[in-house]
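To start, the structure itself, in structure tokens.
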Amino acid sequence: MKIVTISGARPQFIKAGSVSREILRQADSGADIHQVIVHTGQHYDENMSDVFFEEMQIPKPDYFLGIGGKTHGAMTGQMIEKIEEILVQEKPNWVMVYGDTNSTLAGAIAASKLHIKIAHVEAGLRSFNMRMPEEVNRILTDRVSSLLFCPTQAALDNLANEGVEAWSPDANVVLSGDVMQDGAMFYRELAQKPPGLVISEDFVLCTIHRAENTDDPVRLANIVSALNDIAKEKQVVLPLHPRTKSILQASDYDTSNLTITDPVGYLNMVWLIDHCDLVMTDSGGLQKEAFFFEKPCITLRDETEWIELVDNGFNKLAGADKAKIIELYYGAEFNTDFTLSLYGGGLASECIVMELLSGCE
Ligand code: UDP
């Protein structure tokens with residue numbers, strides 16, 4: 001069996017890394033499975049891409065398309081064209097796509113037009129906010145996928161509520177668990193303190209990169225102002241996404257109390273999550289990682305796809321409301337019983353590869 005894996009953005013390297021490890025493990029045990037990796041170039045700089053392949057033992061891409069730093073349309077269109085060429089040449093049995101980026105959608109469109117079956121890892125997630133580019137990408141990708149790997153029961157329910165059986169009668173919907181938990185468990189042992197960063201014993205770990213925050217000056221100003229106030233009493237470490245960095249550099253927001261650094265590699269990030277007191281983020285992946293590492297999380301968004309974290313009291317939604325962020329930081333009570341199994345317990349990659357090979361029962 002030949003699989004073409006499409007990845008291109010930071011969270012996809014992490015997700016596809018876990019599945020790649022399992023594919024190699026099965027191939028070493030004699031299974032007929034072989035992977036060709038395409039890196040679209042959506043994230044292309046040292047801190048957002050190269051470091052992940054180097055330190056995370058992810059197989060090097062077979063194809064690098066170099067399509068990054070463009071508008072949504074230009075990026076997705078150019079990716080479709082290039083991926084189509086590769087698929088025509090490679091003739092895979094499956095195309096695997098991850099998550100909800102433009103690379104995901106481009107892979108899904110290119111494969112569907114060539115009638116190549118698509119396996120979507122992280123199927124069924126919904127924010128119910130169609131202004132998010134990610135929401136458009138995930139809905140369209142789910143529609144053309146034959147194997148829909150849902151990380152959570154909520155994702156499975158979303159697909160059922162949308163009538164997946166009617167729009168894709170032959171599709172196979174599988175509750176696989178979340179491959180990010182596999183990665184968190186694997187890399188925890190390898191975590192390293194970020195070199196050159198002075199970090200207190202108690203600190204808040206924060207990331208901001210969602211377009212709904214970075215592209216809205218009022219939301220971004222509220223978030224930065226809340227963080228800067230909190231940082232007067234506790235260190236706030238902010239590994240900054242390039243998009244957020246360039247917007248903050250062009251603004252006059254007061255960030256004087258924040259510990260701002262370039263994006264860090266995953267092994268450093270895992271160390272930060274493991275050692276912080278609390279996570280504040282608009283990232284999807286980091287909300288779950290907070291749970292995996294038993295940390296409370298305040299989410300800087302109005303809604304989340306990872307609703308089970310909110311329903312069970314591990315995560316509080318603050319949006320971009322300064323007063324609410326500060327109120328939750330000082331006053332919120334979080335669930336501390338992290339024994340709840342919400343994401344498959346680290347067996348998602350095995351389930352996914354077994355399903356591709358034979359069925360995951
Ligand atoms: N991450 C990282 N270094 C950083 C910031 C984030 O390794 O400086 C990791 C983070 O731990 C998570 C993933 O990148 O595993 C999340 O990516 P991102 O927030 O870009 O995307 P999202 O999950 O929101 O799609």
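Order of listing sets the numbers, starting from 1, for every ligand and every atom in it.
Nearest to atom 9 (C) of ligand 1 by heavy atom, out of T101, V279, I14, V270, is I14. Of all the listed residues (T261, T207, V264), V264 holds the heavy atom that lies closest to atom 3 (N) of ligand 1. Of the options Y98, F52, F292, the smallest heavy-atom separation from atom 7 (O) of ligand 1 is shown by F52.
Atom CZ of residue R126 and atom CG of residue L159 lie 5.5 Å apart, to the nearest 0.5 angstrom. Between M354 atom CE and I33 atom CD1 the span is 9.5 Å, to the nearest 0.5 Å. Distance check: I3 CD1 to N93 CG gives 8.0 Å after rounding to the nearest 0.5 Å.
Each of the following atoms of ligand 1 lies closer than 4.0 Å to a heavy atom of Y266: 7 (O), 11 (O), 15 (O). Counting atoms of ligand 1 from 1 in the listed order, those under 4.0 Å from a heavy atom of R210 are 24 (O), 25 (O). Residue G285 has at least one heavy-atom neighbour below 4.0 Å for each of these atoms of ligand 1: 22 (P), 23 (O). Atoms of ligand 1 found under 4.0 Å from any heavy atom of H209 (numbered from 1 in listed order, with element): 18 (P), 19 (O), 20 (O), 21 (O), 24 (O).
Taking 4.0 Å as the cut-off, E134 does not count as a neighbour of ligand 1 on heavy-atom distance.
Checked against a 3.5 angstrom limit, the closest N/O atoms of G284 and ligand 1 fall inside it. Inclusion of H241 in the set of residues having an N or O under 3.5 Å from an N or O of ligand 1 is not warranted.
For E212 and R131, the salt-bridge test fails: no basic side-chain N is under 4.0 Å from an acidic carboxylate O.
Scanning the protein heavy atoms around atom 5 (C) of ligand 1, the nearest turns out to be R10 NH1, 3.1 Å. Considering only non-hydrogen protein atoms, atom 16 (C) of ligand 1 sits nearest to S283 OG, 3.7 Å. Regarding atom 1 (N) of ligand 1, its nearest protein heavy-atom neighbour is M269 CG, 3.7 Å. Taking atom 11 (O) of ligand 1 as the reference point, the nearest protein heavy-atom neighbour is E289 OE1, 2.7 Å.
With a 6.0 Å radius and a threshold of 12 heavy atoms from other residues, nucleotides or ligands, E165 has its CD atom at or below the threshold.
Side chains of T101 and Q12: a donor-acceptor N/O pair is present below 3.5 angstrom, by distance only.
Under the rule for a salt bridge (Lys or Arg N to Asp or Glu O under 4.0 Å), D311 has no partner lying at least two apart in sequence or in another chain. T5 meets the side-chain hydrogen bond (donor to acceptor under 3.5 Å, both in side chains) test with Q35; sequence neighbours excluded.
Geometric assessment of K234 against the ring of F203 yields a negative cation-pi assignment under the 6.0 Å and 45° thresholds.
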